[in-house]
Protein chains: 4
Amino acid sequence: MHCVDRLDYTLTMRSVDRTGAARPRTFTETARRAQIVGAAVDVIAEVGYAQASLARIADQLDISKGVILYHFVGKEDLVREVVAHVWSKGEAFVRQRMQAAPSGVGKLRAYIEACFAYMVGYPNDVIAIVDIARSARDADGTRLFDSALPIQAVTDVQKLLIDLRNSDQGTTDFDPAVMALAIRAAIDAVADRLRREPDLDVDLYGRELATLFERAIRGPTKGSHSCQ
Amino acid sequence: MHCVDRLDYTLTMRSVDRTGAARPRTFTETARRAQIVGAAVDVIAEVGYAQASLARIADQLDISKGVILYHFVGKEDLVREVVAHVWSKGEAFVRQRMQAAPSGVGKLRAYIEACFAYMVGYPNDVIAIVDIARSARDADGTRLFDSALPIQAVTDVQKLLIDLRNSDQGTTDFDPAVMALAIRAAIDAVADRLRREPDLDVDLYGRELATLFERAIRGPTKGSHSCQ
Amino acid sequence: MHCVDRLDYTLTMRSVDRTGAARPRTFTETARRAQIVGAAVDVIAEVGYAQASLARIADQLDISKGVILYHFVGKEDLVREVVAHVWSKGEAFVRQRMQAAPSGVGKLRAYIEACFAYMVGYPNDVIAIVDIARSARDADGTRLFDSALPIQAVTDVQKLLIDLRNSDQGTTDFDPAVMALAIRAAIDAVADRLRREPDLDVDLYGRELATLFERAIRGPTKGSHSCQ
Amino acid sequence: MHCVDRLDYTLTMRSVDRTGAARPRTFTETARRAQIVGAAVDVIAEVGYAQASLARIADQLDISKGVILYHFVGKEDLVREVVAHVWSKGEAFVRQRMQAAPSGVGKLRAYIEACFAYMVGYPNDVIAIVDIARSARDADGTRLFDSALPIQAVTDVQKLLIDLRNSDQGTTDFDPAVMALAIRAAIDAVADRLRREPDLDVDLYGRELATLFERAIRGPTKGSHSCQ
DNA sequence: TATGAATGAGGGTTCATTCAT
DNA sequence: TATGAATGAACCCTCATTCAT
């Protein structure tokens with residue numbers, strides 16, 4: 001959950017004028033937009049992107065469909081805002097948690113556990129964004145966030161892994177691309193399972209996964225389970 | 001890709017008469033159903049479950065929509081058949097590949113590589129079933145395969161891991177449920193990426209992932225990268 | 001009303017298959033399409049192109065909107081068919097009437113009177129096509145038949161005028177482009193007035209207009225109102 | 001372009017109070033109304049009446065839709081004002097040009113050329129009013145200016161023709177109603193063509209049309225092309 | 001005066017499904 | 001067996017209009 005700056009995150013920023021000029025948002029407008037984005041997150045998390053119609057989202061708030069289209073250019077615009085908002089929130093959350101993290105392999109554990117903490121705190125956010133990344137397509141079937149979202153997330157992890165290997169000579173010769181993919185996939189899979197089983201012990205999964213990937217990275221001789 | 005027997009796999013079984021009586025399928029009927037299932041797989045793999053309308057599937061075969069609904073009760077019925085068929089095919093493929101596999105940790109590598117071999121041989125099968133498992137819902141948003149599919153796959157891997165640990169004392173104390181989830185998630189994620197990048201070196205991913213999880217399982221002292 | 005061959009006239013021809021291949025039309029299909037085109041003509045003539053929604057056209061026939069979209073790709077497709085159909089009918093009508101016409105200036109009179117005869121026989125056809133040519137635009141405001149229709153009609157008249165001048169040396173030095181425009185404009189204007197006043201003596205207008213333009217073409221010495 | 005007095009021309013007149021009482025307009029109010037009317041003309045000329053939404057007109061001025069509805073009762077009210085304003089402007093323009101015109105047939109030429117001069121000077125005015133006269137309808141499809149506009153214009157020409165015939169005995173026995181319709185139709189058709197081809201040599205059309213109708217009116221013996 | 005906010009009707013279109021043939 | 005025909009619900013979106021501020 002990183003790198004919000006590479007996605008347009010506009011929820012609290014500026015509207016686009018009739019003339020195309022940026023215009024600061026009203027208090028009411030900002031509030032409404034946030035409210036709609038929140039409802040969209042919940043509805044998408046509950047029924048899935050494909051079934052999350054504007055009508056359903058509007059119903060959830062007990063407003064008319066028109067309100068949504070007054071505040072957003074169209075459904076795609078709303079979804080992009082959902083993604084930007086959730087991504088940005090998550091990114092900030094994770095970054096802040098990682099500041100205190102040690103360097104080296106511990107950094108990865110910090111990342112994974114931060115992701116899971118976010119998932120516990122805002123499960124719908126995570127469920128929704130994962131679903132959007134997988135399902136959101138326009139009429140032709142072209143994915144809306146095909147590369148933007150999943151690749152972004154994986155790339156962020158990949159960078160973390162490369163840093164990690166540079167700062168710690170004792171790692172195995174793992175392929176950072178493959179490892180990053182596996183890590184993100186594992187995290188997202190827990191989001192899926194969490195949706196089905198809301199009582200899931202997410203923290204346990206976090207700890208176990210961190211250990212799993214630590215072992216895969218540190219290799220046989222340097223682990224806490226060292227030789228001798 | 002296991003355990004088809006726990007899903008309804010009806011492609012070669014029985015039809016239901018308009019009197020409600022079950023009757024064996026004719027050869028033609030079986031062929032038509034298989035043809036339709038195949039087309040559905042291709043269309044879903046190409047445009048995604050949500051965009052895979054009956055019309056699109058019918059177009060692919062140059063038949064009318066009605067034919068599909070003559071052979072299947074409805075769209076849901078067709079999708080269930082797709083899942084059953086693909087699952088069964090994949091399960092047989094993987095099982096056969098694993099017969100020759102050594103016991104112990106090698107078994108896991110054999111499983112992963114078999115999955116990837118299947119993915120290379122029948123990419124659309126895998127892409128489609130992964131998409132269905134994630135996206136397929138009815139009108140209310142209720143998932144069609146919420147537990148059936150993903151849990152099934154993970155459970156199969158989990159059993160394999162438990163067997164593995166029983167037959168090989170030198171493993172780490174990993175949690176089989178978590179490890180199984182991570183393994184399946186990694187495999188499915190490659191299917192996703194394969195859809196985006198058809199030239200992906202799937203075998204490389206297979207080998208790397210196998211090594212990754214081997215390391216996580218075998219722990220520090222027993223790996224091929226042993227201590228000395 | 002000429003030159004149907006330069007517009008796609010498909011009412012009695014072929015459908016386009018799912019595969020893009022042409023396919024002969026069912027009897028029923030042809031009949032339905034004709035019925036829908038007829039209703040569209042009437043509705044457009046009555047309430048104008050902009051107000052002629054699919055719902056209104058469907059209501060007129062007491063069928064559902066879906067039927068129209070089953071037989072036509074979309075509203076634009078239907079409108080194109082309306083234009084092609086009306087144009088072709090009118091063109092055949094006018095051409096047949098003109099076969100018996102004398103050469104020289106009489107040809108123009110024959111043309112004008114044929115147009116008016118068609119207008120009397122099928123007023124809605126003419127009212128509708130004139131309205132479509134003027135009003136039909138897509139979402140951006142781009143005209144659907146901007147050049148196709150009006151220019152076509154004017155060009156046809158222009159050709160007739162050039163032939164006429166070649167075969168009859170005694171004409172004035174009128175500009176065929178301007179004259180053609182004036183002739184078509186006058187004819188279309190009568191269609192407009194006919195809509196408002198259904199009891200209009202169209203034949204009178206026809207004769208008078210023919211005389212008017214004859215005078216403008218033949219000049220002072222050659223007219224039936226000759227010197228002496 | 002005549003006879004504004006027979007249309008409600010209210011741009012500089014009176015507003016209606018919320019108590020229902022009429023009150024004179026403030027300077028600002030008049031200016032705003034004129035501004036909005038001008039924008040409406042431009043938008044209608046550009047995209048056509050049917051696509052000229054209040055939003056589009058407001059955008060053009062960088063104001064909110066509400067402003068328009070503050071100054072005008074509704075869209076229909078605005079359109080009526082547009083018509084009244086353009087009509088009045090055009091009528092004054094043409095009348096002034098015609099003052100210097102000779103009597104007799106020259107009067108008609110002066111009229112036609114005045115119309116074309118106006119068209120060159122204010123093309124959007126003419127394009128817009130022609131489009132409105134043809135397309136503007138309310139929700140039921142009832143025309144807004146069904147008789148008012150086109151009949152008005154034709155009647156004005158008709159009067160001119162009758163005067164002309166009274167003052168000049170040597171004309172043919174043309175029907176003034178038909179001739180007037182043909183003249184107006186020709187002028188309006190050039191407006192249409194001008195929209196499509198902004199570089200059109202409008203003056204040429206004006207001269208040619210004037211000659212065309214002169215010939216039709218003066219007949220064989222009295223024309224400049226006289227019989228020796 | 002002017003705006004932002006909201007509404008509700010209606011627009012075209014897609015789609016799974018039903019049914020007679 | 002298979003098709004063409006038709007339906008009706010749902011979809012996203014546009015628009016003129018209302019209203020409180």
Side-chain angles (χ1 to χ4, degrees), chain A residues 15 23 25-29 31-33 50-58 61 63-78 138-139, chain B residues 15 26 28-29 32 50-58 61 63-78 138-139, chain C residues 15 23 25-29 31-33 50-58 61 63-78 138-139, chain D residues 26 28-29 32 50-58 63-78 138-139:
Chain A
S15 235
R23 169 177 59 77
R25 291 223 173 83
T26 321
F27 173 75
T28 324
E29 186 178 6
R32 248 300 190 244
R33 285 174 65 94
Q51 283 69 35
S53 66
L54 293 187
R56 232 173 188 140
I57 296 169
L61 294 173
I63 58 177
S64 81
K65 263 189 306 181
V67 182
I68 299 179
L69 293 161
Y70 172 75
H71 288 284
F72 297 90
V73 173
K75 194 190 183 184
E76 190 175 322
D77 185 43
L78 169 58
D138 63 13
Chain B
S15 230
T26 65
T28 328
E29 186 174 5
R32 248 300 190 238
Q51 282 70 34
S53 64
L54 292 187
R56 231 163 182 154
I57 296 169
L61 293 173
I63 58 175
S64 79
K65 267 189 303 183
V67 186
I68 299 179
L69 292 159
Y70 174 77
H71 288 284
F72 298 90
V73 173
K75 194 187 185 186
E76 189 176 324
D77 185 41
L78 168 59
D138 63 14
Chain C
S15 234
R23 167 177 60 76
R25 290 224 172 84
T26 321
F27 173 76
T28 325
E29 185 176 8
R32 249 298 191 243
R33 283 174 67 92
Q51 283 69 35
S53 66
L54 293 187
R56 232 174 189 137
I57 296 169
L61 294 173
I63 57 176
S64 81
K65 264 191 306 183
V67 183
I68 299 179
L69 292 160
Y70 173 74
H71 288 284
F72 297 90
V73 173
K75 194 190 184 185
E76 190 175 323
D77 185 42
L78 169 58
D138 64 13
Chain D
T26 65
T28 329
E29 187 174 4
R32 247 302 190 236
Q51 282 70 34
S53 64
L54 292 188
R56 232 165 182 154
I57 296 168
I63 58 175
S64 79
K65 268 188 303 185
V67 186
I68 299 180
L69 291 159
Y70 174 77
H71 288 285
F72 298 90
V73 174
K75 194 188 185 186
E76 188 176 324
D77 186 40
L78 168 59
D138 64 13

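Keep in mind that the numbers below use all heavy atoms, side chains included, and drop hydrogens, waters and symmetry copies. Throughout, a chain's letter reflects where its sequence line sits, starting with A, and its residues are numbered from 1.
Between the CZ atom of C:Phe72 and the C1' atom of F:dA6 there is a distance of 15 Å, given to the nearest Å. Here the P atom of nucleotide E:dA6 and the CG atom of A:Leu61 are 11 Å apart, to the nearest Å. Rounded to a whole Å, the CD1 atom of C:Ile57 is 12 Å from the C1' atom of E:dG11. For C:Ile68 and F:dG8, the CD1 to C1' distance is 14 Å, given to the nearest whole Å. The separation between C:Arg33 atom CZ and F:dA5 atom P is 11 Å, rounded to whole Å. Per the geometry, CG belonging to D:Leu78 stands 10 Å off P belonging to F:dT17, to the nearest Å. In this structure, C:Phe27 places its CZ atom 15 Å from C1' of F:dA5, rounding to the nearest Å.
Applying the side chain to side chain donor-acceptor pair (under 3.5 Å) rule to A:Arg56 yields no partners; only residues at least two apart in sequence or on another chain are considered.
Of all heavy-atom pairs between D:Leu54 and D:Lys75, the closest is CD2-CG, 3.9 Å. For the residue pair B:Ala50 and A:Ala50, the shortest heavy atom distance occurs at CB-CB, 4.1 Å.
For F:dA6, one of the phosphate oxygens OP1 or OP2 lies less than 4.0 angstrom from a side-chain nitrogen or oxygen of C:Arg32. Here A:His71 does not reach the OP1 or OP2 of E:dG4: none of its side-chain N or O atoms lies under 4.0 Å away.
Residue order along DNA chain F, read from the 5' end via each residue's closest nucleotide, puts B:Thr26 first among B:Thr26 and C:Val67.
Closest to the side chain of D:Ile63, from the set F:dA2, E:dT3, F:dG4, is E:dT3. Side chain of D:Tyr70, nearest nucleotide from E:dT1, F:dT3, E:dG4: E:dT1.
Note that the NZ atom of B:Lys65 and the OG atom of B:Ser53 stand 8.0 Å from one another [nearest 0.5 Å]. Atom CD of residue D:Glu76 and atom CG of residue D:Leu78 lie 10.5 Å apart, to the nearest 0.5 angstrom. With rounding to the nearest 0.5 Å, the separation of CZ in D:Arg32 from CZ in D:Phe72 is 11.0 Å.
Of the possible polar contacts, none joining the C:Thr26 side chain to the C:Glu29 backbone as a donor-acceptor pair under 3.5 Å is found.
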Subject >> Pair assignment for DNA chain F - dot-bracket with | for other-strand partners, Watson-Crick or G-U under 3.5 Å >> reply: .||||||||||||||||||||
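Checked options A:Val67, A:Ile68, A:Val73, A:Leu69; the residue passing with A:His71 is A:Val67 (criterion: side-chain contact (heavy atoms from CB on, under 4.5 Å)).
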Original post:
Along nucleotides 9-16 of chain F, 5' to 3', which nucleotides get a B, which get an S, and which get a -, given that the test is a protein heavy-atom distance under 4.0 Å?
Top reply: --SBBBSB
